[in-house]
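Here is the structure we will look at, set down as structure tokens.
Whatever order the structure lists them in is the order used to number ligands and atoms, beginning at 1.
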Amino acid sequence: MKADADKSIPDAQGLPRTNLLGKSESVLAKFFDGLGEKPFRARQVLQWIHQRNASRFDEMTDLSRNLREQLCEIASIELPEVVSEKKSSDGTVKWLFESGAGQAVETVFIPEPGRGTLCISSQVGCAMDCSFCATGAQGFNRNLDVNEIIGQVTHANRHLPIRANGEPAVTNVVFMGMGEPLANYRNVLPALDLLLSDYAYGLSRRRITVSTSGIVPHIEKLGDDCNVSLAVSLHAPNDELRDQLVPINRLHRIAELLDACWRYAAKRANRFITFEYVMLRDVNDSIQDADELAGLLRNRPAKVNLIPFNPFPGNDFERSRSKTIEAFQSRLRGHGIVSTTRRTRGDDIDAACGQLAGKVRDRMRVRLGEKGKKAARV
Ligand code: SAH
Ligand code: SF4
């Protein structure tokens with residue numbers, strides 16, 4: 001996956017080819033208009049790429065031969081380059097995609113009865129600097145472009161076996177890999193468009209979740225623009241503690257964040273917002289914390305997803321004890337708040353939440369030697 005993935009293969013004249021992988025219907029329609037073709041070509045090509053897994057234009061037999069030849073000259077369908085693939089004993093699959101400068105991003109597939117969830121990345125690193133997150137510790141390198149974001153889904157569907165009902169393996173997509181999706185709004189929005197399009201992935205809004213640390217203006221925008229399911233990384237029941245754990249809180253306080261959440265939920269006919277809450281031993285896991293959290297969310301369209309902290313090297317936090325997590329959860333339930341605890345998946349391949357970046361950097365250093373080591377150090 002290269003920084004300029006859109007234009008990496010030159011055509012016969014040495015001019016850059018346009019990578020059609022991440023182009024939405026409206027962008028493709030303009031592209032075909034420029035070639036003097038009808039707009040419906042966009043739908044045909046979307047279906048070939050995203051539903052019929054075509055990797056070459058000469059496979060697209062319902063396009064005229066002339067158009068196929070022209071596309072071969074000026075365009076490409078380029079997927080991100082895979083650095084490694086690992087399979088966990090629990091069926092979880094993790095891919096590492098090359099993202100230039102000795103860095104990589106991760107994608108994780110989590111199979112469950114009745115669904116297959118793909119956890120995708122939106123940035124190389126992250127600028128938000130949450131104190132318990134390995135991606136945050138890595139710092140920010142760059143935004144993924146649309147090809148690189150949607151390419152994670154394309155790759156997974158092409159490489160995983162289809163489901164028993166004949167449908168593609170990926171039934172749900174969550175933006176919970178590396179990066180803050182709402183800080184890369186420009187590229188995440190067209191990727192969402194492709195996930196929702198009936199001519200590409202055709203997923204319902206319910207099956208797509210954007211997870212954010214709380215960039216309030218973009219929560220508002222997302223509500224207007226495409227209104228997929230929203231998860232918010234809350235992690236603390238008051239501003240004093242959240243300032244420490246999730247630094248963006250110093251810019252957008254909890255009250256402001258929650259107001260935006262309730263407005264978002266109202267736009268979706270009161271569908272629930274998921275609040276993620278990482279369980280950090282003796283930091284945010286007391287019964288008083290549960291009571292305070294319930295006070296923020298009671299009688300609101302909210303559910304809480306408790307995430308046992310996943311440790312990584314160079315970080316002093318510890319995971320809350322199982323008994324503490326159970327007590328926290330039943331306290332929330334006692335307050336009438338729907339609450340679940342996330343089961344850790346893919347532990348043996350370091351695919352659990354927040355564990356992604358550290359080990360990636362280590363592996364890239366081994367692969368790339370001293371040059372990669374420098375580049376990977378942010
Ligand atoms: N940047 C977005 C989405 C990616 S992180 C966000 O923060 O919401 C996906 C989830 O994993 C977030 O809730 C994040 O806070 C959580 N997470 C990060 N590091 C973690 C860790 N070490 N253990 C458990 N969860 C973690
Ligand atoms: Fe970024 Fe999310 Fe990690 Fe915070 S938790 S540093 S927003 S990836």
- Message: I'd like to check whether Phe132 has a polar contact with ligand 1, where a contact means an N/O of the residue lying under 3.5 Å from an N/O of the ligand.
- Response: yes
- Message: Check contact between Phe175 and ligand 1, using heavy atoms of the residue and a distance below 4.0 angstrom.
- Response: yes
- Message: Only heavy atoms of Ser213, strictly under 4.0 Å: list the atoms of ligand 1 that pass.
- Response: 6 (C), 8 (O)
- Item | Subset of ligand 1 atoms that lie under 4.0 Å from at least one heavy atom of Thr212 | 6 (C), 8 (O)
- Query: Counting backbone and side-chain atoms alike, does Cys130 have an N/O/S atom under 2.8 Å from atom 3 (Fe) of ligand 2?
  - Reply: no
- Task: Decide whether Asp225 and Tyr185 meet the rule of one side-chain donor and one side-chain acceptor closer than 3.5 Å.
- Result: yes
- Query: Should the pair Lys267-Asp224 be classified as a salt bridge under the 4.0 Å nitrogen-to-oxygen rule?
  - Reply: yes
- Is it true that atom CZ of Phe32 has more than 12 heavy atoms of other residues, nucleotides or ligands lying nearer than 6.0 Å? yes
- Which segment of Val278 sits under 4.0 Å of ligand 1 when only heavy atoms are counted: side chain
- ligand 1 to Cys133, heavy atom cutoff 4.0 Å, flagged ligand atoms 18 (C), 19 (N)
- Note on the structure: Result for side chain to side chain donor-acceptor pair (under 3.5 Å) between Gln123 and one of Asn143, Asn184, Asn187 points to Asn143
- Task: Please identify which atoms of ligand 2 are closer than 4.0 Å to at least one heavy atom of Gly136.
- Result: 6 (S)
- Item | Proximal ligand 1 atoms for Ile307, defined as those under 4.0 Å from one of its heavy atoms | 13 (O), 24 (C), 25 (N)
- Item | ligand 1-proximal atoms of Glu276, by part, heavy-atom distance under 4.0 Å | side chain
- Item | Crowding at CZ, Arg158 (>12 non-hydrogen neighbours, <6.0 Å) | yes
- Give the atoms of ligand 2, by number and element, whose distance to some non-hydrogen atom of Cys126 is under 4.0 Å. 1 (Fe), 6 (S), 7 (S), 8 (S)
- Item | Any Gly177 heavy atom less than 4.0 Å to ligand 1 | yes
- ligand 1 N/O within reach of Gly179 N/O, cut-off under 3.5 Å: yes
- Query: How does Asn315 reach ligand 1, by side chain, by backbone, by both or by neither, if only non-hydrogen atoms under 4.0 Å count?
  - Reply: neither
- Message: Below 30° counts as parallel, above 60° as perpendicular, anything between as tilted: where do the rings of Phe132 and His235 land?
- Response: perpendicular
- Neighbour count above 12 (heavy atom, 6.0 Å) for Arg298 CZ: yes
- Query: Counting each atom of ligand 1 from 1 as listed, which ones have a heavy atom of His235 under 4.0 Å away?
  - Reply: 13 (O), 14 (C), 15 (O)
- Task: Verify the neighbour count for atom CG of Asp62: are there more than 12 heavy atoms of other residues, nucleotides or ligands below 6.0 Å?
- Result: yes
- Query: Would one find an N or O of Arg342, backbone or side chain, under 3.5 Å from an N or O of ligand 1?
  - Reply: no
- Query: Looking at Ser213, which atoms of ligand 2 are within less than 4.0 Å of one of its heavy atoms?
  - Reply: 7 (S)
- Task: Look at atom CZ of Arg250 and say whether more than 12 heavy atoms of other residues, nucleotides or ligands are closer to it than 6.0 Å.
- Result: yes
- Provide, to 0.1 Å, the distance between atom 3 (Fe) of ligand 2 and the closest protein heavy atom, together with that atom's residue and name. Cys133 SG, 2.4 Å
- Message: Working to the nearest 0.5 angstrom, can you tell me the gap between Arg271 CZ and Tyr264 OH?
- Response: 10.5 Å
- Query: Going by atom types only, do Ser213 and Glu180 share a side-chain donor-acceptor pair under 3.5 Å?
  - Reply: yes
- Task: List every atom of ligand 2 that sits less than 4.0 Å from any heavy atom of Gly179, numbering the atoms from 1 in the order shown and giving each element.
- Result: 8 (S)
- Query: What atoms of ligand 2 come within less than 4.0 Å of a heavy atom belonging to Asp129?
  - Reply: 6 (S)
- Looking only at heavy atoms, which two atoms of Ala54 and Ile77 are closest? And how far apart? O-CD1, 4.0 Å
